[in-house]
Amino acid sequence: MSRIIVVTSGKGGVGKTTVTANLGTALAMLGKRVLTLDADIGLRNLDMILGLEKRIVYDIVDIVNGTVKAEKAFVKDKRGYPLCLLPASQTKNKEAVKPEQLMEIINTVRDNFDYIFIDSPAGIEGGFITAATPAEEAIVVVNPEVSSVRDADRIIGLLESMEKTHIRLLVNRIKIHQVKKGEMLSVEDIEDILHIKKIGVIPDDEKMVDYTNKGEPIVLSKNSLVANALMNVAHRMEGKDIPFDELKNNKGLFSWLWRG
């Protein structure tokens, strides 16, 4: 049985698409069959982070319009992992795909995958509703800042109104020195505000920009705290009991963050 997961956020720019690309790659590295679907119609980015932008021939709108069947629009991972991308269109707007059309596409292909990640547009507009409708689970990506958490709270409310009950929190780009100065919320603060269980904590890393520019998911790198944190999320999604010690592992520098 495949798992259909929307990766979403209340605010743009929190790293949601990067999380989608890296979690999809991480699970594929574990041997899982993964489809990453870019539902941000008109603002295609997932293909670049996966390094697949030059291999795109068809996109999701071509499927909706009946130009091709879904499988023909899939772009296979060039590293050989069991990972596929279904790209968004760059020339259409978010109304080009309706919720029932996305549901139909996913129902057609879901038996071919263990995981289907839907990269949602940020915010609460129609594109979010389309992306969230087929999903059975949700990962809400949050940066440790008040505006991001506030907007995430609204998204969680919307997901609950859509009767999505399996909602998990992923805190991204946490900068421990700013948390220490009181310039950034701690993981515990965010959990207290949002009241949903966390699935991952990803430390900030300037190298992320380099990997994104190279079209290479950072989870492929070795000796990276970010890669380790992302693999931990993948293992947790597979049901393993992995401690949330991503920040503690940094030579004890981050250990103070965890209060009890």
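In this chain, residues are counted from 1 in sequence order. Nothing here was measured: the structure is a model prediction, and the numbers come from that model.
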Verify side chain to side chain contact (heavy atoms under 4.5 Å, CB included) between Ile199 and Leu169, making sure each step is shown before the conclusion. CA-CA 6 Å; Ile199 187 75; Leu169 168 69; over 6 Å; no
Given side chain to side chain contact (heavy atoms under 4.5 Å, CB included), test Ile202 with Arg173 step by step and report yes or no. CA-CA 6 Å; Ile202 313 297; Arg173 296 177 182 161; over 6 Å; no
Test salt bridge (Lys or Arg N to Asp or Glu O under 4.0 Å) on Arg44 and Glu53; report intermediate values, then the result.
CA-CA 9 Å; Arg44 193 166 75 194; Glu53 70 274 16; over 6 Å; no
Begin with the C-alpha distance, continue with both residues' side-chain angles, and end with the deciding distance and a verdict on side chain to side chain donor-acceptor pair (under 3.5 Å) for Glu137 and Tyr115.
CA-CA 11 Å; Glu137 305 175 36; Tyr115 288 87; over 6 Å; no
Notebook entry, point to check: Does the side chain to side chain donor-acceptor pair (under 3.5 Å) test come out yes or no for Ser186 and Asp189, once each step is laid out?
Noted result: CA-CA 5 Å; Ser186 70; Asp189 292 336; 3.0 Å; yes
- prompt: After noting the C-alpha distance and the side-chain angles of Met48 and Asn213, does the key distance pass the side chain to side chain contact (heavy atoms under 4.5 Å, CB included) rule?
  reply: CA-CA 8 Å; Met48 290 191 296; Asn213 290 339; over 6 Å; no
**Candidate pair Ile174 and Asp204, rule side chain to side chain contact (heavy atoms under 4.5 Å, CB included), full reasoning** = CA-CA 5 Å; Ile174 193 158; Asp204 188 55; over 6 Å; no
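Counting only heavy atoms from C-beta outward, the side chains of Asp38 and Asp59 never approach each other to under 4.5 Å. Within the 4.5 Å cutoff, no side-chain heavy atoms of Leu102 are placed close to those of Pro99. Within the 4.5 Å cutoff, the side chain of Met162 has heavy atoms near those of the Thr133 side chain. Side-chain contact check for Asn228 versus Val226: every heavy-atom pair is 4.5 Å or farther apart. Side-chain contact between Arg168 and Ile196 is absent, with no heavy-atom pair separated by less than 4.5 Å. Contact of the Pro217 side chain with the Tyr211 side chain is not registered, since no non-hydrogen atoms from C-beta on lie closer than 4.5 Å. Between Glu145 and Lys11, some side-chain heavy-atom pair lies under the 4.5 Å cut-off. The side-chain heavy atoms of Ile106 and Leu37, taken from C-beta on, include a pair separated by under 4.5 Å.
The two residues Leu23 and Ala234 have their closest heavy-atom pair at CD2-N, 4.2 Å. The heavy-atom pair separating Leu35 from Leu86 by the smallest distance is CD1-N, 3.9 Å. Of all non-hydrogen atoms in Ala73 and Ile63, the two that sit nearest each other are CB-CD1, 3.8 Å. Contact between Val149 and Ile190 at its shortest, heavy atoms only, is CG2-CG1, 3.9 Å. Across Tyr58 and Pro87, no two heavy atoms sit closer than the pair O-CG, 3.3 Å. Counting all heavy atoms, side chain and backbone alike, Ala131 lies closest to Val6 at O-CG2, 3.8 Å.
Cation-pi geometry between Arg236 and Phe244 is satisfied (NZ or CZ under 6.0 Å from the ring centre, within 45° of the ring normal).
Hydrophobic clustering (ILVMFWY, side-chain heavy atoms < 4.5 Å, transitive): Ile218 and Val209 are in distinct clusters. The hydrophobic clustering, which links ILVMFWY residues whose side-chain heavy atoms are closer than 4.5 Å, places Ile5 and Ile118 apart. Grouping the Ile, Leu, Val, Met, Phe, Trp and Tyr side chains by contacts below 4.5 angstrom, directly or via other members, places Val141 apart from Ile129. Val19 is connected to Met237 through a chain of hydrophobic side-chain contacts under 4.5 Å among Ile, Leu, Val, Met, Phe, Trp and Tyr, so both are in one cluster. Put simply, Phe74 and Leu83 are part of two different groups of oily side chains (I, L, V, M, F, W, Y) that touch within less than 4.5 Å, one to the next.
Taking CG of Asp62 as the reference point, atom CD1 of Ile56 lies at 11.0 Å (rounded to 0.5 Å). The structure places CG of Asp205 at 8.0 Å from OG of Ser221, a figure rounded to the nearest 0.5 Å. The OG atom of Ser224 sits 7.5 Å away from atom CE of Met208, with the distance rounded to the nearest 0.5 Å. Taking CG of Leu85 as the start and CG of Leu52 as the end, the distance is 5.5 Å to the nearest 0.5 Å. Here His235 contributes atom NE2 and Leu230 contributes atom CG; the two are 11.5 Å apart, rounded to the nearest 0.5 Å. Atom-to-atom distance recorded for Ile155:CD1 and Ser9:OG is 7.0 Å, nearest 0.5 angstrom.
Side-chain atoms of Asn172 never come within 3.5 Å of backbone atoms of Asn143 as a donor-acceptor pair (strictly under, hydrogens ignored). With hydrogens and angles ignored, the 3.5 Å screen pairs a side-chain donor or acceptor of Gln101 with a backbone N or O of Lys98. Put simply, the side chain of Thr18 never gets that close to the backbone of Thr212: no donor and acceptor are under 3.5 Å apart. Remark: the backbone N or O of Thr8 is not paired with any side-chain donor or acceptor of Ser120 at under 3.5 angstrom.
Between Arg79 and Asp77 there is a salt bridge, since a side-chain N of the basic residue sits under 4.0 Å from a carboxylate O of the acidic one. Here Glu191 does not pair with Lys197 in a salt bridge; the nearest charged N to carboxylate O distance is not below 4.0 Å. Salt-bridge annotation for Arg33 and Asp114: present, with a side-chain N of the basic residue lying under 4.0 Å from a carboxylate O of the acidic one.
No option in Asp119, Asp47, Asn45, Asp40 other than Asp119 meets the side chain to side chain donor-acceptor pair (under 3.5 Å) test with Thr17. Of the candidates Lys164, Arg110, Arg3, Glu136 forms a salt bridge (Lys or Arg N to Asp or Glu O under 4.0 Å) with just one, namely Arg110.
A 6.0 Å sphere centred on NZ of Lys214 holds more than 12 heavy atoms belonging to other residues, nucleotides or ligands. Within a 6.0 Å radius of CZ in Arg154, no more than 12 heavy atoms belonging to other residues, nucleotides or ligands are found. In Glu183, the CD atom is crowded: over 12 heavy atoms of neighbouring residues, nucleotides or ligands sit closer than 6.0 Å. For Lys78, the NZ atom counts as densely surrounded, since its 6.0 Å shell holds more than 12 non-hydrogen atoms of other residues, nucleotides or ligands.
Under the 3.5 Å distance criterion, with hydrogens and angles disregarded, a donor-acceptor pair is assigned to the side chains of Asn232 and Glu246.
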